[in-house]
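See below for the structure under consideration.
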There are 2 protein chains.
Amino acid sequence: MSLRHAMLGLLAERPSSGYDLMKRFETSLTNVWPATQSQVYGELGKLAKAGLLEVVAEGPRGRKEYAITPEGRAELRHWLAETRPDRSRRSEMLLRVFFLDLLTPLEAVAYLSTEAERAASLRADLEQVKEQVQWDDGPLSVNGRLALEYGLRLSAMQEEWARWAAEQIGGTQAAEAGKS
Amino acid sequence: MSLRHAMLGLLAERPSSGYDLMKRFETSLTNVWPATQSQVYGELGKLAKAGLLEVVAEGPRGRKEYAITPEGRAELRHWLAETRPDRSRRSEMLLRVFFLDLLTPLEAVAYLSTEAERAASLRADLEQVKEQVQWDDGPLSVNGRLALEYGLRLSAMQEEWARWAAEQIGGTQAAEAGKS
DNA sequence: CTTCGACATTCCAACGTCGACATGTCAAAG
DNA sequence: CTTTGACATGTCGACGTTGGAATGTCGAAG
């Protein structure tokens with residue numbers, strides 16, 4: 001349901017075509033709210049029909065540039081300021097944890113170790129992003145920094161937890177599996 | 001896609017009717033993989049047709065008790081041991097963070113503070129669960145403990161992050177004010 | 001005997017997401 | 001001049017999730 005709001009948010013910063021929007025989704029919002037082409041173009045049409053967006057320019061190849069309307073801004077603001085985020089957490093990773101006793105302790109420890117490594121490598125990636133990105137203090141970069149820091153802390157927590165959990169199950173076996 | 005596996009997992013522990021299964025979902029898996037009635041009953045039929053489950057008893061009110069078959073167990077094990085969890089993270093909470101500059105600093109700080117409080121209260125709840133639950137060392141309670149600990153660490157991290165983020169914005173605001 | 005709450009199943013319409021397919025234009029490189 | 005790759009939009013069917021409605025049985029309390 002918040003795809004529309006993600007799009008309104010991006011278009012509030014600057015007008016874009018569907019194609020541009022897709023690229024902006026891929027670079028900045030992939031980790032937070034992924035979107036496919038069909039979804040974006042479909043929603044673009046709906047939002048325009050609803051008066052929250054309008055076509056402000058047409059270019060080559062049938063390009064249509066969309067901009068947010070005052071109604072769109074109002075809707076966006078309303079969403080941000082007056083509604084609570086939907087907190088429906090669904091974690092396949094955690095679901096598996098509930099059934100870990102169906103595996104041998106060795107397999108279970110291997111699962112948790114893999115999780116730990118995945119988290120560690122994600123964390124390393126984010127750490128690199130943090131250093132590479134120009135924090136030139138546009139308004140987006142402040143928010144981006146907050147989100148990045150969240151990812152950093154989350155992946156750190158996940159790694160620690162997974163290592164701890166592996167130890168709970170495997171005891172000495174955890175160290176063995178972790179090494180390999 | 002993993003609803004089927006969640007159901008297989010629960011039925012691997014003990015046979016249940018759809019109604020029972022619903023209650024087990026609500027008590028143990030709500031926070032990890034919520035499911036609705038229509039979903040559970042629908043999937044029950046599909047899994048039985050596919051030979052992963054079978055009806056082992058019929059009771060009063062049309063009650064049908066389902067048990068996992070060897071094929072079902074094989075599928076469950078395969079899922080657990082030989083596939084990687086789908087990690088599609090979608091966070092409306094974080095999406096909002098990207099657009100926080102559309103609010104006044106005061107409103108943004110309010111948003112983050114609310115998040116911090118929500119995390120803190122969740123953490124308190126989980127802490128209580130931790131103490132109330134009988135950790136009688138069934139096989140489920142080991143896994144349950146791991147999952148609970150994850151929730152504990154996650155909510156702690158979220159609270160810290162939200163407080164930190166609120167400070168970042170408040171601090172920026174102070175700096176701006178100082179400049180002018 | 002009636003009522004009420006827990007038990008119990010089944011069906012359906014609507015929505016969001018996903019992946020694939022179809023169609024076509026324009027600019028630059030070979 | 002042809003090919004290639006980026007640009008650009010649009011449609012489709014399948015799937016999983018959601019919420020609601022319909023239907024009915026059984027046991028216990030009043």
Side-chain angles (χ1 to χ4, degrees), chain A residues 1-8 10-11 15-27 29-50 53-67 79 85-92 95, chain B residues 1-8 10-11 15-27 29-50 53-67 79 85-92 95:
Chain A
M1 236 314 228
S2 358
L3 171 69
R4 49 171 11 85
H5 295 112
M7 290 173 56
L8 287 172
L10 288 176
L11 289 173
S16 297
S17 68
Y19 190 83
D20 291 342
L21 216 45
M22 272 306 300
K23 294 211 290 190
R24 296 178 66 192
F25 260 96
E26 271 152 32
T27 54
L29 297 182
T30 342
N31 303 307
V32 158
W33 206 274
T36 60
Q37 254 190 4
S38 30
Q39 236 180 324
V40 167
Y41 281 110
E43 202 62 36
L44 231 29
K46 284 182 211 165
L47 288 172
K49 207 151 118 185
L53 297 182
E54 56 180 350
V55 178
V56 288
E58 310 214 2
R61 285 159 284 229
R63 174 187 226 267
K64 284 182 281 184
E65 199 170 61
Y66 290 87
W79 173 71
D86 176 30
R87 188 161 299 294
S88 68
R89 4 100 167 290
R90 226 181 211 115
S91 167
E92 194 184 325
L95 177 61
Chain B
M1 235 311 226
S2 1
L3 170 69
R4 50 173 10 85
H5 296 112
M7 288 173 57
L8 287 172
L10 288 175
L11 289 172
S16 297
S17 66
Y19 191 84
D20 291 343
L21 217 45
M22 271 307 300
K23 292 210 291 192
R24 295 177 67 193
F25 260 95
E26 271 154 31
T27 55
L29 297 183
T30 341
N31 303 306
V32 159
W33 206 273
T36 61
Q37 255 190 2
S38 28
Q39 233 181 325
V40 167
Y41 281 110
E43 202 62 35
L44 231 29
K46 286 182 209 163
L47 288 172
K49 207 151 119 187
L53 297 181
E54 58 180 348
V55 177
V56 288
E58 309 214 2
R61 287 157 283 228
R63 176 193 167 93
K64 284 183 280 185
E65 199 171 60
Y66 290 87
W79 173 71
D86 174 32
R87 187 162 299 294
S88 68
R89 44 292 173 64
R90 229 184 209 112
S91 167
E92 194 184 324
L95 177 61

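Each chain gets a letter, A, B and so on, in the order its sequence line appears, and its residues count up from 1.
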| Of A35(A) and Q37(B), whose nearest nucleotide on DNA chain C comes first from the 5' end? | Q37(B)
| said: Could you tell me how far apart E92(A) (CD) and dT17(D) (P) are, to the nearest whole angstrom? | reply: 11 Å
| Does K64(B) put a side-chain nitrogen or oxygen below 4.0 Å from OP1 or OP2 of dT10(C)? | yes
| said: Whole angstroms only, please: what is the CD-P distance between E26(A) and dA6(D)? | reply: 13 Å
| Just how far, in rounded Å, is C1' of dT18(D) from CE of M22(B)? | 12 Å
| task | I would like to know whether V55(A) and Y66(A) meet side-chain contact (heavy atoms from CB on, under 4.5 Å); could you show each step before the answer? | result | CA-CA 4 Å; V55(A) 178; Y66(A) 290 87; 3.7 Å; yes
| message | Base, sugar-phosphate or nothing for L44(A)? Non-hydrogen atoms, less than 4.0 Å. | response | nothing
| said: Nearest 0.5 Å, please: how far is CG in L53(B) from NZ in K46(B)? | reply: 13.0 Å
| said: What's the closest nucleotide to the side chain of Q39(A) if the choices are dG16(C), dT17(C), dA8(C)? | reply: dT17(C)
| query | Of R90(B) and D20(B), whose closest DNA chain C nucleotide lies nearer the 5' terminus? | reply | D20(B)
| query | Once you round it to whole Å, what is the distance between P of dC7(D) and CD of E65(A)? | reply | 15 Å
| Any salt bridge between R90(A) and E92(A), counting N to O under 4.0 Å? | no
| Expressed in angstrom and rounded to an integer, what is the separation of Y19(A) atom OH from dG10(D) atom C1'? | 15 Å
| task | Could you check how far CD of E43(A) sits from C1' of dT11(D), rounded to whole Å? | result | 16 Å
| Phosphate oxygens OP1/OP2 of dG10(D): is one of them under 4.0 Å from a side-chain N or O of Y41(A)? | no
| query | Any side-chain N or O of R61(B) less than 4.0 Å from the OP1 or OP2 oxygen of dG5(C)? | reply | no
| task | Look only at the side chain of Y41(B) and the backbone of T36(B), and say whether a donor-acceptor pair between them is shorter than 3.5 Å. | result | no
| query | Would one find a side-chain N or O of K23(B) under 4.0 angstrom from OP1 or OP2 of dA8(C)? | reply | no
| Could you give the CZ-to-P distance, from R4(A) to dC15(C), as a whole number of Å? | 11 Å
| message | From CE of M1(A) over to P of dA14(C), roughly how many Å is that when rounded to an integer? | response | 16 Å
| note | Testing dA6(C), dC18(C), dT18(D) for proximity to the side chain of T36(A), the answer is dC18(C)
| note | dist T27(B):OG1 -> M22(B):CE (nearest 0.5 Å) comes out at 10.0 Å
| field | Donor-acceptor pair present, S38(A) side chain and dG10(D) base, under 3.5 Å | value | no
